[in-house]
Visitor: 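Next up is a structure, given as structure tokens.
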Amino acid sequence: MKKSVIDTIKKHIEGDFVLEKPKDNSFGHYATPLAFSLAKELRKSPMIIADELCLKFDDEVIFESTTAIKGYINFKLSDDFLNAKTTQAIKDNLNFAKGDKNESILLEYVSANPTGPMHIGHARGAVFGDTLAKVGKHLGYKITTEYYVNDAGNQIEMLGLSVLLAGQDRYTDVKVNWPEEYYRGEYIYDLCDVAKDEFGVEIFNDKSNIPKLSSWGKDKMLELIRANLAMADIEFENFVSEKELFELWDKSYEKLKDRDAVFEQDGKIWLKSSECGDEKDRVVVREDGRPTYLAGDIIYHDDKFQRSYDRYINIWGADHHGYIARVKAAVHFLGYDENKLEVILSQMVALLKGGEPYKMSKRAGNFILMSDVIEEIGSDALRFVFLTKKSDTHLEFDVDLLKQQDSSNPIYYIQYAHARINQIFQKSGKSVDDIIDVNLDNLDEDSRNILFLALILPEVLEDSFESRQLQKLTEYLRNLAASYHQFYNKHKIVGSENEEQLLKLSAMVATSLRVGLSLMGIEAKVKM
RNA sequence: GUCCUCGUAGCUCAGCUGGAUAGAGCACUCGAUUCCUAAUCGAGAGGUCACGCGUUCGAAUCGCGUCGAGGACACCA
């Protein structure tokens, strides 16, 4: 809709201009402060310029009026225009607000180590990534979602060791000497129970079985992670194995050598990342020939860029922030445009329950489990709360507040608005088909405002996605729901003179709520 | 020490490509149900946008500085 307005204005005005929404919507639907910036150039007062410019739009049918107020030029859309948009949107239903962006994007997120269950911090990145993908796809972006499985490296061996020791502790007479570092938590014991059933208790006798237990345990943990994700309706298109990629190390290494991006010193191989904005050079291969974690990411990003997407988005935990520079440096050295790589950081989450810190799960080894929280408050509430805040700011929330089923819980508030509209239709005995062709003319100010609000979903989605700030969508839906609740209390719909018009307007609101909620992965209830 | 993120109502946070009188929710006070679900709505109260300087027609928004909070600074992943 905004696009139609911009295109229309461009017919009459040259150059760029800012189009915004007036604070007070009695002024109009859109406004521009253009006259202020022209004032200097034209040596006239902004008020006079605005008055003159307004006249140019008299003949445009999409505007009911164009008025100059205190230097701002305000555009009010016509009923015909709004009506046409509404009819189409209601017909489109879940396809409303679809876009025609065509860019391809590889979106990598979560990528939690397969050494244990998902905790609440992972869940935030997971929900954010999943929703970003849903919104992006709706806008037409070709998005592939990917999970990078860190199945190489010490931590996998440590998983095997932990299972072995837990098995010895539980099923043998061996007195276990616990090392300084190993995975704690009941889930390791659960895992050793399963290992015992599958392999027999002998598996715990010999340390030479560690590699076998490692690889087996990693697969089990990946299953667990997938199950955790599924609880929040999150699925990935690709899982990429770090271990398998390592076979391609030689190729990536050759590339780096050819580009003079690496050097040897003290028996190690270093990446000259400091030449590309990193603080210092980084080791990629250790003295003993084992590649570092960075080497894995070099291969992975080499692989990603060879698949030639238009853009690459990684969602990482905020603790990886220092890591961005070196990966970008690597991408640059590999001969790709590092500006195509974008990293979104997902900040930590602090959970409260009844005002007190949420109890850590002993099962998990002192983490808060994603599965525990979902069992307690449900997937909808979890998704919602993560989507109300920017991903890169700290988030604190109280699970008890999300369990309350009243106005203090915004998710019910939005769902109630949607349910309410369905109930109104039921009461009226009419269906959407009955009212779709009603003409929305001579609407009062309230009706027109709420209709307009429901119609701007496309620009809200676009803004949310482009700025990677999904809280804008959440905020919008809350506003739309609030406006509708207000409207409902003020206006009787069923049985009123213009019942059909008001039903159509309600159907429009429901459409936007439904599309918005579905993109957030939240159920739009028809009855509560 | 260096770098990031942040500082807005009692609390949790929006707003930040500079724009009209700084917003929402919660909490608090008062009010609304013979009438489409009161899981709702209305009204009230609540602000030095951390502080200072600068940029300009205009700054919560941009720049510099100060103070404060959290985080990152591996040959671990």
Side-chain angles (χ1 to χ4, degrees), chain A residues 18 20 22-24 27 31-37 39-40 45-46 69-72 74 111-113 115 150-156 158 181 242 266-270 278-280 282-288 290-297 317-325 345 347-348 350 352 355 385 388-390 392-398 401 404-417 419-428 467 469 471-472 474-475 478-479 481-482 484-496 499 502-503 506 525 527-528:
Chain A
V18 176
E20 55 193 30
K23 284 245 165 78
D24 182 342
F27 291 153
T32 177
L34 175 68
F36 291 97
S37 46
K40 211 175 198 175
S45 103
I69 302 168
K70 282 158 74 179
Y72 285 84
N74 296 279
S111 299
N113 282 345
T115 54
N150 297 128
D151 52 3
N154 297 336
Q155 84 280 6
I156 295 298
M158 201 156 89
E181 282 195 61
E242 178 186 11
D266 309 327
K268 302 156 211 176
I269 297 168
W270 301 70
D278 198 6
E279 288 166 20
K280 52 185 209 171
R282 308 287 175 176
V283 174
V284 287
V285 181
R286 303 175 180 93
E287 257 173 296
D288 59 12
R290 283 157 53 234
T292 63
Y293 181 70
L294 178 58
D297 251 325
D319 54 338
H320 282 60
H321 139 265
Y323 201 74
I324 298 172
L345 295 180
Q347 259 295 358
M348 313 223 292
L352 301 173
V385 72
T388 56
K389 304 285 187 291
K390 277 188 281 207
D392 62 352
T393 57
H394 293 263
L395 169 69
E396 184 179 286
F397 71 94
D398 195 313
L401 289 180
Q404 292 174 23
Q405 306 212 346
D406 59 25
S407 60
S408 64
N409 190 344
I411 185 170
Y412 284 98
Y413 186 82
I414 297 172
Q415 284 174 327
Y416 183 41
R420 189 164 241 182
I421 293 168
N422 278 275
Q423 295 304 303
I424 290 172
F425 264 91
Q426 282 222 335
K427 195 90 183 175
S428 75
S467 64
Q469 297 191 4
Q471 84 279 358
K472 291 182 177 178
T474 320
E475 185 66 16
R478 221 182 43 72
N479 273 332
Y484 192 78
H485 286 311
Q486 279 168 31
F487 188 83
Y488 173 90
N489 273 274
K490 214 165 146 187
H491 304 271
K492 175 93 178 151
I493 296 172
V494 177
S496 73
E499 175 183 303
L502 297 184
L503 282 174
S506 300
K525 300 194 166 159
K527 195 176 164 139
M528 295 179 76

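Chain letters run A, B, ... following the sequence lines, proteins first, then strands; residues in each count from 1. Keep in mind it's a predicted model, so treat the numbers as computed, not measured.
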Visitor: Can you tell me how far CD1 of A/Ile493 sits from OH of A/Tyr488, rounded to the nearest 0.5 angstrom?
Guide: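 Going from the OH atom of A/Tyr488 to the CD1 atom of A/Ile493 covers 8.0 Å.
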
Visitor: Which whole-number value in Å describes the distance from A/Asn422 CG to B/U40 C1'?
Guide: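 Whole-Å distance recorded here is 17 Å.
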
Visitor: Between B/U40, B/A77, B/A38, which one does the side chain of A/Tyr488 approach most closely?
Guide: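 Minimum distance to the A/Tyr488 side chain belongs to B/A38.
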
Visitor: Round to a whole Å and report the spacing from CD of A/Glu181 to C1' of B/A77.
Guide: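 Taking CD of A/Glu181 and C1' of B/A77, I get 11 Å after rounding.
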
Visitor: What contact category does A/Lys527 fall into here, base, sugar-phosphate, or nothing, at under 4.0 angstrom with non-hydrogen atoms?
Guide: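 The answer is base, as A/Lys527 lies within the cut-off (heavy atoms under 4.0 Å) of a base atom.
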
Visitor: Atom NZ of A/Lys472 and atom P of B/G15: how far apart are they, to the nearest Å?
Guide: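 After rounding, the gap between these two atoms is 6 Å.
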
Visitor: I'd like the C1' distance from B/G42 over to B/A50, given in whole Å.
Guide: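 Rounded to whole Å, the distance is 35 Å.
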
Visitor: Taking the same atom, P, in B/C62 and in B/G15, what whole-Å distance lies between them?
Guide: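 So the two P atoms sit 12 Å from each other.
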
Visitor: Could you please name the option among B/C4, B/A77, B/G15 that lies closest to any side-chain atom of A/His321?
Guide: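 Closest nucleotide among those given: B/C4.
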
Visitor: Round to a whole Å and report the spacing from CD1 of A/Ile493 to P of B/U37.
Guide: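 After rounding, the gap between these two atoms is 11 Å.
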
Visitor: Work out how far the P atom of B/A60 is from that of B/C49, and round it to whole angstrom.
Guide: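 Approximately 8 Å lies between the P atom of B/A60 and that of B/C49.
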
Visitor: Both distances under 3.5 Å, Watson-Crick or G-U wobble: report the partner of B/A9, or none.
Guide: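 By the stated definition (distances under 3.5 Å), nothing pairs with B/A9.
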
Visitor: Nearest nucleotide by nearest heavy atom, which residue falls closer to the 5' end of RNA chain B, A/Arg420 or A/Thr388?
Guide: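 Counting from the 5' end, the first nearest nucleotide belongs to A/Thr388.
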
Visitor: Using both distances under 3.5 Å as the test, list the Watson-Crick or G-U wobble partner of B/C73, or none.
Guide: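 B/G1 - that is the nucleotide pairing with B/C73, both distances being under 3.5 Å.
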
Visitor: Looking at B/A20, which nucleotide sits across from it as a Watson-Crick or G-U wobble partner, both distances under 3.5 angstrom, or is there none?
Guide: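 Across all strands, not a single nucleotide pairs with B/A20.
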
Visitor: Heavy atoms only, 4.0 Å cut-off, all strands: where does A/Gln423 land among base, sugar-phosphate and nothing?
Guide: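 Contact class for A/Gln423: base.
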
Visitor: Starting from P on B/G19, measure out to CD1 on A/Ile69 and report it in whole angstrom.
Guide: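 Rounded to whole Å, this separation is 18 Å.
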
Visitor: Which sits closer to the 5' end of RNA chain B, A/Lys492 or A/Ala31, going by the nucleotide each is nearest to?
Guide: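 Its nucleotide being nearer the 5' end, the pick is A/Ala31.
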
Visitor: Charged N to carboxylate O below 4.0 Å: is that the case for A/Glu475 and A/Arg478?
Guide: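 Salt bridge flag = yes for A/Arg478 with A/Glu475.
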
Visitor: Can you tell me if A/Tyr484 and A/Ser506 form a side-chain donor-acceptor pair at under 3.5 Å?
Guide: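 There is such a pair between these side chains.
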
Visitor: Using both distances under 3.5 Å as the test, list the Watson-Crick or G-U wobble partner of B/C36, or none.
Guide: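 Across any shown strand, B/C36 pairs with none.
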
Visitor: Should A/Arg478 be listed as having a side-chain N or O under 4.0 Å from OP1 or OP2 of B/A14?
Guide: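 No.
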
Visitor: Please check the phosphate of B/G15 (OP1 and OP2 only) for any side-chain N or O of A/Gln469 closer than 4.0 Å.
Guide: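 Answer yes for this pair, as a side-chain N or O of A/Gln469 is under 4.0 Å from OP1 or OP2.
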
Visitor: Partner lookup for B/C41, please. Criteria are Watson-Crick or G-U wobble with both distances under 3.5 angstrom; report none if nothing qualifies.
Guide: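 Pairing partner, where one exists within any strand: B/G31.
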
Visitor: What's the closest nucleotide to the side chain of A/Glu242 if the choices are B/A77, B/G15, B/G19?
Guide: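 Closest nucleotide to the A/Glu242 side chain: B/A77.
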
Visitor: Establish, with yes or no, whether the OP1 or OP2 oxygen of B/A77 is under 4.0 angstrom from a side-chain nitrogen or oxygen of A/Asn113.
Guide: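 It does not, given that no N or O in the side chain of A/Asn113 lies less than 4.0 Å from OP1 or OP2 of B/A77.
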
Visitor: What is the separation between atom CD1 on A/Ile411 and atom P on B/U12, rounded to the nearest whole Å?
Guide: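 A/Ile411 atom CD1 is separated from B/U12 atom P by 22 Å.
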
Visitor: Under 3.5 Å for both donor-acceptor distances, Watson-Crick or wobble: does B/G52 have a partner, and if so which one?
Guide: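 Paired with B/C64.
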
Visitor: Would you confirm whether A/Thr292, through its side chain, and A/Val285, through its main-chain N or O, come within 3.5 Å as a donor-acceptor pair?
Guide: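 Not at all, since once roles are kept as given, no pair shorter than 3.5 Å links the two residues.
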
Visitor: Report the distance from atom NZ of A/Lys390 to atom C1' of B/G7, rounded to the nearest whole Å.
Guide: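 These atoms are roughly 12 Å apart.
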
Visitor: Would you indicate what A/Glu287 reaches in the nucleic acid, counting non-hydrogen atoms under 4.0 angstrom: base, sugar-phosphate, or nothing?
Guide: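 Result for A/Glu287 = nothing.
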
Visitor: Report which part of the nucleic acid A/His485 touches: base, sugar-phosphate, or nothing (heavy-atom distance under 4.0 Å, all strands).
Guide: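 Sugar-phosphate, no base atom in range.
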
Visitor: Quick one: A/Ile421 CD1 to B/U40 C1', roughly how many Å, whole number?
Guide: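 Value for this atom pair: 13 Å.
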
Visitor: If we take the C1' atom in both B/A74 and B/C13, what is their distance in whole Å?
Guide: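 To the nearest whole Å, 36 Å.
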
Visitor: Can you figure out which of B/A77, B/U12, B/C36 approaches the side chain of A/Lys389 most closely?
Guide: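 For the A/Lys389 side chain, the nearest candidate turns out to be B/U12.
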
Visitor: Between B/A39, B/C35, B/A74, which nucleotide has the shortest distance from any of its atoms to the side chain of A/Lys280?
Guide: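 Of B/A39, B/C35, B/A74, B/A74 is nearest to the side chain of A/Lys280.
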
Visitor: Kindly say if A/Gln426 contacts the phosphate of B/U37, meaning a side-chain N or O under 4.0 Å from OP1 or OP2.
Guide: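 It does not, given that no N or O in the side chain of A/Gln426 lies less than 4.0 Å from OP1 or OP2 of B/U37.
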
Visitor: Please confirm whether the backbone N or O of A/Ala31 pairs with a side-chain atom of A/Asn74, one donor and one acceptor, at under 3.5 Å?
Guide: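 Not at all, since once roles are kept as given, no pair shorter than 3.5 Å links the two residues.
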
Visitor: Does B/G71 have OP1 or OP2 under 4.0 Å away from a side-chain N or O of A/Gln347?
Guide: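 A/Gln347 to B/G71 OP1/OP2: no side-chain N or O under 4.0 Å.
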
Visitor: Suppose you measure atom C1' in B/U17 against the same atom in B/A59; what distance do you get, rounded to whole Å?
Guide: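 So the two C1' atoms sit 14 Å from each other.
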
Visitor: I'd like to know if the side chain of A/Asn489 and the backbone of A/His485 have a donor-acceptor N/O pair within less than 3.5 Å.
Guide: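 Such a contact is found between A/Asn489 side chain and A/His485 backbone.
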
Visitor: Out of B/A77, B/A20, B/C41, which has the shortest distance to the side chain of A/Asn489?
Guide: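 Minimum distance to the A/Asn489 side chain belongs to B/C41.
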
Visitor: Given the structure, check if the side chain of A/Asn74 and the base of B/A20 hold any donor-acceptor pair shorter than 3.5 Å.
Guide: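 Such a pair exists between side chain and base.
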
Visitor: From A/Thr115 OG1 over to A/Asn154 CG, what is the distance, rounded to the nearest 0.5 angstrom?
Guide: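 If we round to the nearest 0.5 Å, A/Thr115:OG1 and A/Asn154:CG are 12.0 Å apart.
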
Visitor: Kindly state whether the pair A/Tyr413 / B/A39 counts as stacked, where counting means centroids closer than 5.5 Å and planes tilted less than 30° apart.
Guide: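 Answer is no, no stack.
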
Visitor: Can you tell me, in whole Å, how much space there is between the C1' of B/C73 and that of B/C28?
Guide: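 Their C1' atoms lie roughly 45 Å apart.
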
Visitor: Quick one: do A/Ile324 and A/His320 satisfy side-chain contact (heavy atoms from CB on, under 4.5 Å)? Show the steps, please.
Guide: CA-CA 7 Å; A/Ile324 298 172; A/His320 282 60; over 6 Å; no

